[in-house]
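What follows is a set of notes on a single structure, which appears directly below.
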Amino acid sequence: MSSSVVSPILSRLPRVSIIGAGRVGSTLAQRIAEKNLADVVLLDIVQGMPQGLALDLLEARGIELHNREIIGTNDYTDTAGSQIVIITAGLPRKPGMSRDDLLKTNAKIVVEAAKQAIAYSPDAILIIVTNPLDVMTYLAWEATGLPRHRIMGMAGVLDSARFETFIALELGVLPADVKAMVLGSHGDLMVPLSRYATVNGIPITELLDADTIERLVERTRNGGAEIVELIQTGGAFFAPASATSVMVESIVLNQSRLLPVATYLQGEYGLKDVVIGVPCRLGAAGIESILELNLSESEREALHISAESVRKNIARSQEILGAISSI
């Protein structure tokens with residue numbers, strides 16, 4: 001018998017399942033439901049927690065004026081038939097800890113979650129949020145055998161939003177007027193493209209000097225760590241949830257938005273057999289296409305350095321998983 005809390009409202013498609021009911025997962029469930037994008041299944045291994053969160057969200061439906069079904073569960077059978085599965089499960093960063101420090105623990109969690117979720121929703125699109133994100137996305141792709149257009153990592157949308165925020169704060173302009181693009185890995189070697197950053201179409205190179213731009217780039221690269229150091233007991237969750245919900249919205253509504261997404265490359269940008277953040281169009285089928293920007297020599301070099309770091313951590317994680325499976 002399922003231990004889920006289910007809305008009395010009849011199920012409606014599409015269905016999005018979120019694996020991991022921590023701060024990111026539960027906030028993402030709220031975003032998706034309150035945007036009226038999809039019915040939501042919130043799964044966690046902790047008994048009672050996802051059920052309680054789902055009930056709490058259900059009790060807010062009349063106030064927030066939506067009627068999406070919300071299920072809290074510890075059972076993967078309740079995720080069956082999902083159009084999108086999002087994995088947020090795993091340990092968060094603590095002060096002084098890098099995303100790569102999470103490799104050993106989170107690799108096993110993500111691989112198992114991906115396998116189980118796809119077993120019940122074989123046609124689903126898989127979005128990975130767990131850190132270190134690029135590596136976890138590669139491991140989930142490898143474990144599930146999904147075609148690359150149906151598996152991706154959330155990072156570029158978040159990193160770009162952080163870059164846009166810091167530009168807006170520096171210039172005192174409306175954040176919605178700032179557009180930016182960040183490529184590469186979700187970490188210290190990410191590649192914010194300053195010459196593609198604009199304020200209402202005006203390049204920031206016309207508005208800020210080189211030293212200021214470099215300071216904002218460095219703050220973007222350390223955006224997650226800055227929040228971890230301030231909070232002390234956890235990491236960011238509001239902005240990551242919002243960034244993921246943008247990807248869900250583009251897929252569910254078939255918007256074909258151009259967004260920076262961590263994806264498996266097969267020669268694009270001169271990179272093969274690695275997951276890294278690049279501009280992609282997201283629609284109902286997942287990744288519709290990958291846009292290859294005309295990068296400068298220094299930007300291309302930075303992207304390749306970022307990819308090589310990811311590649312090394314993929315190899316490390318594969319060794320770790322191999323050692324675990326042989327025990």
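N222 places a side-chain N or O within donor-acceptor distance of the main-chain N or O of E218, the cut-off being under 3.5 Å. Put simply, the side chain of T130 gets close to the backbone of A89: a donor and an acceptor are under 3.5 Å apart. Listed for the Q83 side chain is a donor-acceptor partner under 3.5 Å among the backbone atoms of R15. At distances below 3.5 Å, not a single donor-acceptor pair connects side-chain atoms of D44 with backbone N or O atoms of T73. Under the 3.5 Å distance criterion, the side-chain polar atoms of R281 are matched with a main-chain donor or acceptor of S256. With hydrogens and angles disregarded, a donor-acceptor distance shorter than 3.5 Å links the side chain of S160 to the backbone of V182. The backbone N or O of V310 sits nowhere less than 3.5 Å from a side-chain atom of S185 that would complete a donor-acceptor pair. D39 contributes no side-chain N or O that, together with a main-chain N or O of R68, makes up a donor-acceptor pair within less than 3.5 Å. Remark: the backbone N or O of V46 is paired with a side-chain donor or acceptor of N74 at under 3.5 angstrom. Using modelled atom types, no side-chain atom of E288 and backbone atom of G286 make a donor-acceptor pair closer than 3.5 Å.
Considering all non-hydrogen atoms of both residues, L133 and A155 come closest at CD2-CB, 3.7 Å. When all heavy atoms are compared, the tightest approach of A124 to V85 is CB-CG2, 4.0 Å. Contact between N254 and A284 at its shortest, heavy atoms only, is OD1-N, 2.9 Å. For L139 against A107, the heavy-atom pair with the smallest separation is CD1-CB, 3.7 Å. Of all heavy-atom pairs spanning I125 and A285, the tightest one is CD1-C, 3.7 Å. Residues R162 and A236 approach most closely at NH2-CB, 3.4 Å, considering heavy atoms.
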I would like to know whether I71 and V40 meet side-chain contact (heavy atoms from CB on, under 4.5 Å); could you show each step before the answer? CA-CA 6 Å; I71 298 172; V40 178; over 6 Å; no
- prompt: Between Q30 and E64, is a side-chain hydrogen bond (donor to acceptor under 3.5 Å, both in side chains) present by the stated rule, with each step listed?
  reply: CA-CA 10 Å; Q30 180 185 20; E64 297 297 336; 5.8 Å; no
(message) Working note: F237 + L28, criterion side-chain contact (heavy atoms from CB on, under 4.5 Å); need CA distance, chi angles, decisive distance, verdict.
(response) CA-CA 9 Å; F237 58 96; L28 176 57; over 6 Å; no
| said: E301 vs S298, test: side-chain hydrogen bond (donor to acceptor under 3.5 Å, both in side chains). Steps then yes/no. | reply: CA-CA 5 Å; E301 181 183 5; S298 62; over 6 Å; no
Please test F238 against R31 for side-chain contact (heavy atoms from CB on, under 4.5 Å), starting from the C-alpha separation and ending with a verdict.
CA-CA 10 Å; F238 289 126; R31 295 272 193 271; 3.9 Å; yes
Please lay out, stage by stage, how D134 and H186 fare under the test side-chain hydrogen bond (donor to acceptor under 3.5 Å, both in side chains).
-> CA-CA 7 Å; D134 308 275; H186 185 48; over 6 Å; no
- [ ] Take E170 and L216, measure what side-chain contact (heavy atoms from CB on, under 4.5 Å) needs, and give me the verdict at the end.
- [x] CA-CA 9 Å; E170 186 71 27; L216 299 181; 4.0 Å; yes
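Within the 4.5 Å cutoff, side-chain heavy atoms of L37 are placed close to those of L253. No side-chain heavy atom of D177 sits less than 4.5 Å from a side-chain heavy atom of P175. Contact check for H304 versus R300: side-chain heavy atoms found under the 4.5 Å cut-off. No side-chain heavy atom of T198 sits under 4.5 Å from any side-chain heavy atom of I202. Considering only heavy atoms from C-beta on, D273 stays 4.5 Å or farther from I314 through its side chain. You'll find the side chain of I128 stays beyond 4.5 Å of the side chain of M152, heavy atoms only. By the 4.5 Å heavy-atom criterion applied to side chains, P203 and R195 are not counted as neighbours. A 4.5 Å side-chain heavy-atom check between V278 and I276 finds at least one atom pair inside the cut-off.
Within 6.0 Å of atom CD1 in I231, more than 12 heavy atoms from other residues, nucleotides or ligands are found, so the atom counts as buried in its surroundings. The neighbour count for R148 CZ, taken as heavy atoms of other residues, nucleotides or ligands under 6.0 Å away, is above 12.
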Between side-chain atoms of residues 114-122 and protein atoms elsewhere (two or more places apart, or another chain), which donor-acceptor pairs fall under 3.5 Å?
unit_1: S121; atom_1: OG; unit_2: T79; atom_2: O; d: 2.9
unit_1: S121; atom_1: OG; unit_2: G81; atom_2: N; d: 3.2
unit_1: S121; atom_1: OG; unit_2: S82; atom_2: N; d: 3.0

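No single ILVMFWY cluster, assembled from side-chain heavy atoms under 4.5 Å apart, contains both L183 and I305. L293 is connected to Y264 through a chain of hydrophobic side-chain contacts under 4.5 Å among Ile, Leu, Val, Met, Phe, Trp and Tyr, so both are in one cluster. The hydrophobic cluster containing L258 also contains L193, counting ILVMFWY residues as joined when their side-chain heavy atoms lie under 4.5 angstrom apart, directly or transitively. Under the 4.5 Å side-chain heavy-atom criterion for ILVMFWY residues, a single connected hydrophobic cluster contains both V274 and L321. Linking Ile, Leu, Val, Met, Phe, Trp and Tyr whenever their side-chain heavy atoms come within less than 4.5 Å puts L265 and L282 in one cluster.
Among the candidates V41, I109, I87, the single residue satisfying the side chain to side chain contact (heavy atoms under 4.5 Å, CB included) test with I19 is I87.
Expressed to the nearest 0.5 Å, how far CG of N294 lies from CD of E299 amounts to 9.0 Å. The distance from the CD1 atom of I32 to the CD atom of E249 is 10.5 Å, given to the nearest 0.5 Å. Note that the CG atom of D75 and the CG atom of L43 stand 7.5 Å from one another [nearest 0.5 Å]. Rounding to the nearest 0.5 Å gives a distance of 11.0 Å between CD of Q318 and CG of L103. Note: R257 CZ to S250 OG = 6.5 Å, rounded to the nearest 0.5 Å. Rounding to the nearest 0.5 Å gives a distance of 5.5 Å between CZ of F166 and CD of E226.
Salt-bridge check for E308 with R311: passed, with a basic side-chain N closer than 4.0 Å to an acidic carboxylate O.
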